[in-house]
Amino acid sequence: MKLNKRLSLLFAYVFTTLGLAAQPAPEKGYFMFPIKPGVRNYLSGSMGEIRATHFHGGLDIKTDQREGLSVYAAADGYISRVKMSTYGYGNIIYVTHPNGLTTTYSHLLAFYDPLADYVLKKQYEKETFELELFPEKNLFPVKKGQIIALSGNTGGSGGPHLHFEIRDAEDRLYNPLRWGFKEVIDTTPPDLLGLGIQPLNIYARINGEFARREFTPKKANGTHTLADTVYAHGLIGFELQTIDRYDDTQNRNGTQDVTVFVNDRQVYNHHIDRVPFELSKQVSQHVNYNVYRRTGRTFQKAYVDYGNDLPLYTAPQNRGRLNVHADSIYHIRLVAKDTYNNASTLTFVVKGQKPTFTQAANGKVTKPQLSYEIIGNILKVNASDTSATPRNVEMVVNNQRLMLVPSYTKGAASVSLYDLRGGLPESLEYCGTSTLLDLQAAIPAGQEHSFSNRDMTIRFDKESLYDTLYLQAKKEGDVYTIGDYFTPLHKAIKVTITPSKPVTDRSKAAVYYLGLGKGRGMMGGVWDGNSITFSARSMGKFQVLEDVKAPTIKLLSKSPTQIRFRIGDNLSGVNSFRCEVNGKWLLMKYEHKTATIYSEKLDKSLPLSGKVVLKVKDNAGNEAEFTTTI
């Protein structure tokens, strides 16, 4: 058996056998719909939707834009876990069922009475609002259709709804709609909004250029097409921007299934019906992360990128990539399906075209210009000057001068391509001007690696990167830049820096992540002498800042029944709060979306009365205190 055939069989096994075949067969009618069962319901979120840091792991069920709807147990079982959290799932119940699956109910307003009393007592015992409990198996049995909670808007919810999941014992998330709920109606096929085509090796061209190209499909008679033939060469990959809508709603939901056919032969499929919880962050490799971070648009790759271990794919040959040969014709068909098998199809033609080079540059410039970008492993250099014919670009690699010969021309510019695996360039010289590239190192994926320069030390775990990183790391003023915002990390890196700006109080100083806007997120860090070490889950810009201001506290209302405050912090964020009435701890629930905390008494019959003291700490250790009486 030839090697490539063996590899094909291996990929087929990995992506098919380990991926979809392991899913449990859904038993129709086993689970009951948890909101308004028997009545038509609407979804604001579907399984597998692309979120910023993960795949959406279940259904977001609308609750009439309000809180307080009854939440029903989907099947017989017992409450195996319950958690109260300010962020994330908010208040959540886990119900384990005899078939080995677990259903979860998130963003809840309140639990049903026996569970609510149990949780409240535990909160008072441990004197904490945030709490995770694992009740004994026989403590809270539930029957199918039993009311177990009221729907709400707690945690990271963006509005009132119920987030509903189905998991197995290994926390793999399954599409609940596979269990056949009649409450949801969907006869609407997905919308195909855009096609992206990405060059994947140095020989690739798309309409004559080494550049990612986007196309807008045109829809006629139920079929999507492109207006023109796409001319290409070399290794390319397709990307699809698609959304799905349920009947009678305008929510932009996820599309679960994409298949690619080339000349009527299937070369790729992904099917998002099961997502392992621990791999969900690899969504950054499932989509074009660069485009998503820059524009907010989600293009799902119709090829399996390196470093992607998600069990969603059937792509036995070339990982779904298409190698386009000159003078060959490829009839492409992309089919997008939702859970209900409503399908939309995009068809177009790719014609192989051998790259050509034109000596004459079209267009004029008044002075020489040079720019560059890195696409995968390829350095792409754009150069233009006042000459009518393209000039070469000199490149310094390992103190040796190499001549970059233009690959093609575009307008007034000539474009040169260089494979960075041949060595990292130090500078580019063009028309008497030198441009430093500041490529510090090529960091390999899949192994531990340590990098140091005069400004920082970065330690990469063997799972930090998806692919080789051509690292740019520098310090400008008191801001440290590591890579860019548009390249994802798989797992965190550890960074050590020694700020040149004096730190007045290290106990109040920490590293902050500087977002694209004005946002600043506290990363923390551990001081060792004048140096601080922190973990970063994203690349970008970082700065050491001191937070010396205490949190703010504002009394909103007080009565013998309840007391409410608004709390906040200007920089590091609220870390903890403690409220006492006459020296006894009082439970305060925190709603971060409104920055409010409000009390819940253990004994509802006893009025709040006496001296109230609220203390709030931020993440830098600053504390504020507020005193009043009821």
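Source: prediction; values computed, not measured. The residues of the chain are indexed from 1 along the displayed sequence. Values reported hereafter were calculated over all heavy atoms of this structure, with side chains retained and with hydrogens, waters and symmetry mates removed.
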Between His163 and Glu165, does the side chain to side chain donor-acceptor pair (under 3.5 Å) criterion hold? Intermediate values first, please. CA-CA 7 Å; His163 178 79; Glu165 296 176 346; 2.8 Å; yes

Quiz question: by atom type and distance under 3.5 Å, do the side chains of Ser46 and Asn253 form a donor-acceptor pair? no

Are a donor atom and an acceptor atom from the side chains of Ser557 and Gln562 found within less than 3.5 Å of each other? no

Any side-chain to backbone donor/acceptor pair from His161 onto Gly159? Under 3.5 Å, distance only. yes

Lys36 and Glu183 ion-paired at < 4.0 Å: no

Looking at Arg274 and Asp168, is any side-chain nitrogen of the basic one under 4.0 Å from a carboxylate oxygen of the acidic one? no

Flag side-chain contact, heavy atom, 4.5 Å: Ile272 against Gln300: yes

Quick one: does Val82's side chain get under 4.5 Å of Phe140's, heavy atoms only? no

Flag side-chain contact, heavy atom, 4.5 Å: Leu465 against Leu489: yes

Could you verify whether a donor N or O on one side chain and an acceptor N or O on the other, from Thr104 and Tyr89, lie under 3.5 Å apart? no

Counting only N and O atoms by type, is there a donor-acceptor contact under 3.5 Å from the side chain of Asn619 to the main-chain atoms of Ser572? yes

NZ of Lys83: more than 12 outside heavy atoms within 6.0 angstrom? no

Please check if the side chain of Arg81 supplies one atom and the backbone of Thr96 the other of a donor-acceptor pair under 3.5 Å. no

Close side-chain approach of Pro311 to Leu279, heavy-atom, < 4.5 Å: yes

Polar contact flag, side-chain donor to acceptor under 3.5 angstrom, Lys475-Ser500: yes

Test item: Asp461 side-chain N/O and Ala492 main-chain N/O as donor-acceptor pair under 3.5 Å: no

Stacked cation flag Lys589 on Tyr598, 6.0 angstrom / 45 deg: no

Here the gap from Tyr112 atom OH to Gln146 atom CD, rounded to the nearest 0.5 Å, amounts to 5.5 Å

Leu614 and its side-chain contact (heavy atoms from CB on, under 4.5 Å) partner, picked from Thr627, Thr628, Ile597: Ile597

Polar side-chain atom of Asn91 near backbone of Met84 as donor-acceptor pair, under 3.5 Å: no

Side-chain donor-acceptor pair present, Arg459, Thr496, cut-off under 3.5 Å: yes

For residues 47-57, which residue pairs pass the salt bridge (charged side-chain N to carboxylate O under 4.0 Å, His left out) check, not counting sequence neighbours? Glu49-Arg51, Arg51-Asp60

Within a 6.0 Å radius of atom CZ on Arg564, are there more than 12 heavy atoms belonging to other residues, nucleotides or ligands? yes

Under 3.5 Å, is there a donor-acceptor pair between the side chain of Glu546 and the main chain of Asp505? yes

For Lys549, does the NZ atom sit with more than 12 other heavy atoms under 6.0 Å from it, leaving out its own atoms? no

Any non-hydrogen side-chain atom of Arg578 less than 4.5 Å from a side-chain atom of Trp585? yes

Distance in Å, Leu108 CG paired with Leu69 CG, rounded so as to fall on 0.5 Å steps: 12.0 Å

Backbone N or O of Lys508 within a donor-acceptor pair of the Asp547 side chain at under 3.5 Å? no

Determine which pairs satisfy ring-ring contact (aromatic ring centres under 6.0 Å, His included) with at least one residue from residues 546-583, sequence neighbours left out, and list them in order. Phe565-Phe626, Phe577-Tyr590

Judged by atom type as modelled, is there a donor-acceptor pair below 3.5 Å linking the side chain of His97 to the main-chain atoms of Val95? yes

Verify side chain to side chain contact (heavy atoms under 4.5 Å, CB included) between Asp455 and Ile497, making sure each step is shown before the conclusion. CA-CA 6 Å; Asp455 299 317; Ile497 57 178; over 6 Å; no

For Arg178 and Met47, what are the C-alpha separation, side-chain angles and deciding distance, and is it a side chain to side chain contact (heavy atoms under 4.5 Å, CB included)? CA-CA 10 Å; Arg178 297 174 67 234; Met47 172 72 183; over 6 Å; no

Kindly compute the distance separating OG (Ser464) from CD (Glu448), expressed to the nearest 0.5 Å. 9.0 Å

Separation between CZ of Arg520 and CZ of Phe542, rounded to the nearest 0.5 Å: 15.0 Å

Please lay out, stage by stage, how Asp528 and Ser531 fare under the test side chain to side chain donor-acceptor pair (under 3.5 Å). CA-CA 5 Å; Asp528 182 6; Ser531 299; over 6 Å; no

Pairwise side-chain contact, Tyr118 with Leu133, heavy-atom cut-off 4.5 Å (strictly under): yes

Under 6.0 Å between ring centres: does that hold for Phe164 and Tyr105? yes

Is there side-chain contact between Leu120 and Leu602, with heavy atoms separated by less than 4.5 Å? yes

Please check if any side-chain donor atom of Thr339 sits under 3.5 Å from a side-chain acceptor atom of Asn175, or the reverse. yes

With a 4.5 Å heavy-atom cut-off, do Leu587 and Tyr124 have their side chains touching? yes

Go through the side-chain N and O atoms of Asn288 and Arg297 and say whether any donor and acceptor fall under 3.5 Å apart. no

